[in-house]
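Heads up, the thing below is written out as structure tokens.
Here is how names work: the chains are called A, B, and so on, in the same order as the sequence lines, proteins then strands, and each is numbered from 1.
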Number of protein chains: 2
Amino acid sequence: MKQMSKRAEIISCAARLFRKRGFSATSVRDIAREMGMEASSLYNHIKSKQELLSSLLLDIAHTFSEGMESIETASIPAYQKLERLVALHVRISVEKTDAVSLVPSEWIHLDTDSIKQFLALRDEYDKTFKAILSACIKEGSIKSVNVDLAAFSILSSLRWLYSWYSKNQNINIVELEEEMKSYLLKGLVQNT
Amino acid sequence: MKQMSKRAEIISCAARLFRKRGFSATSVRDIAREMGMEASSLYNHIKSKQELLSSLLLDIAHTFSEGMESIETASIPAYQKLERLVALHVRISVEKTDAVSLVPSEWIHLDTDSIKQFLALRDEYDKTFKAILSACIKEGSIKSVNVDLAAFSILSSLRWLYSWYSKNQNINIVELEEEMKSYLLKGLVQNT
DNA sequence: CATTTAAACTAACAATCGTTAGTTTTGTAC
DNA sequence: GTACAAAACTAACGATTGTTAGTTTAAATG
């Protein structure tokens, strides 16, 4: 929290409030109060309330995309890519909890331009995820499943992980990773 | 949609709009326009905008709770209860898609009283879910996992299922059930 | 037809919204 | 100390918010 530009402070403050009350129910005056200044003073540092949201969501989307790209291009078996993806979500969820919390629902409040950029990044991410799943099937490391639905199911769990972490910050991160890999990939039933 | 009281029509109309734009970004005038009447006319049928949300969320929460109770009290192995829970989520997600979509995020906009009721139902649901998972471990049908995290992971997937269904309404419901059971319970990896 | 009730309407309210304009204060460089 | 820029302030704008009051229309009952 130290050595943070005032603009960055405002953005991270907005993230916290957007998460707590939602974008639409958070007023510029709410953010200003939390920052200890008048609402109009915020505009010396930001362009608009919309910009706060798009900055947060596009930044976190790029973070995920970059992580995905470095995994995708690695020279490792596809199944190991799946494991690294779980680790990626755990790491980002822990490091940028507030911003991650906005991903599932708050993107609908982006303006037209930002929504296009955001969904483009998200679609690309999903597409690559499915490609990795398909590669796993091809290499024989996972069952021959409905790739679309399996990807959706796994990503649903991973995208909500931030909320689990918020209530259980005492958990060991490596342990969290290992257990998520176990549930999502290996399943629950006993291997007889 | 036929034989629906005007009040019920308004509530289901509100559900659609709340889902599309979020509760806070949906105005009473938006709902009125969709209903083909003036905003003030709505108040002949409803008490407040808040009531629309709490009615939707408490109703869907009760639907889940009732389903859970009938599963919990059934005289069947715990593992079969898990399978029935997946089926329950699939069925409700298909039948009440709009209302289900409000469950993950929009409950934060409930008033103090409703929020207490909603979270009480939700907590009870989670608790029973975990108890069934524990019973599965005891009967030896699943691995000895971290029950809290496993329950969280599975429920995350199930709670987002409505969104998959919305984009893939052509899918066979029984098939959807079977595949979700497969991913969530049996996992992806090949059993060697 | 007359009466009553339910449900629509118009008009307006106080509050709050995001944002802008114009001014004053604060901090830095010469 | 003067000059300049950054960042705070006060005040206000037009628009929109949920809701209420009072009135008119429509439908149902006798």
When you compare the protein's N or O atoms with those of nucleotides 5-8 of chain C, which come within less than 3.5 Å of each other, and at what distance?
from: C:dA8; atom 1: OP1; to: B:Lys6; atom 2: NZ; distance (Å): 3.1
from: C:dA8; atom 1: OP2; to: B:His45; atom 2: NE2; distance (Å): 2.4
from: C:dA8; atom 1: N7; to: B:Asn44; atom 2: ND2; distance (Å): 2.6

For nucleotides 12-14 of chain C, give me every protein contact, N/O to N/O, under 3.5 Å, one pair per line with atom names.
from: C:dA12; atom 1: N6; to: B:Arg29; atom 2: NH2; distance (Å): 3.4

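Taking atom CZ of B:Arg33 as the reference point, atom C1' of D:dT17 lies 13 Å away to the nearest angstrom. Here D:dT20 presents its C1' atom at 17 Å from NZ of B:Lys49, a figure rounded to the nearest Å. Between A:Met35 atom CE and D:dC9 atom C1' there is a gap of 16 Å when expressed in whole angstrom units. The distance between atom CG of B:Leu17 and atom C1' of D:dG18, rounded to the nearest whole Å, is 16 Å. For A:Phe18 and C:dG18, the CZ to C1' distance is 12 Å, given to the nearest whole Å. Between the CD atom of A:Gln50 and the P atom of C:dG18 there is a distance of 11 Å, given to the nearest Å.
Looking only at atom types and distance, the side chain of A:Ser114 has a donor-acceptor partner in the side chain of A:Asp111 under 3.5 Å away.
A cation-pi arrangement, defined by a distance under 6.0 Å to the six-membered ring centre and an angle within 45 degrees of its axis, is absent between B:Lys96 and B:Tyr162. For B:Lys49 and B:Phe23, the positive end sits near the middle of the six-membered ring, less than 6.0 Å away and at most 45° from its axis.
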**Nucleic acid footprint by protein, nucleotides 20-26 of chain C - heavy-atom cut-off 4.0 Å, B for base, S for sugar-phosphate alone** = B------
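Ionic pairing of B:Glu51 and B:Arg7 is present here: one or more N-O contacts between side-chain nitrogen and carboxylate oxygen are shorter than 4.0 angstrom. A salt bridge links A:Asp126 and A:Arg159; the closest N-O separation between the charged side-chain nitrogens and carboxylate oxygens is under 4.0 Å. Using a cutoff of 4.0 Å between basic side-chain nitrogens and carboxylate oxygens, B:Glu9 and B:Lys6 are not scored as salt-bridged. Between A:Glu34 and A:Arg16 there is a salt bridge, since at least one side-chain N of the basic residue sits less than 4.0 Å from a carboxylate O of the acidic one.
Two residues are said to be in side-chain contact when any heavy atoms from C-beta on lie closer than 4.5 Å; B:Glu124 and B:Ser65 fail this criterion.
Residues in residues 78-102 of chain B take part in these ring-ring contact (aromatic ring centres under 6.0 Å, His included) pairs, two or more places apart or across chains: B:Phe64-B:His89, B:His89-B:Tyr125.
Evaluation of the side chain to side chain donor-acceptor pair (under 3.5 Å) rule for B:Ser27 yields B:Asp30 as partners, not counting sequence neighbours. For the ring-ring contact (aromatic ring centres under 6.0 Å, His included) test, no residue two or more places apart in sequence or in another chain qualifies with B:Phe129.
Using a 4.0 Å heavy-atom distance criterion, A:Thr26 is classed as a sugar-phosphate-only contact.
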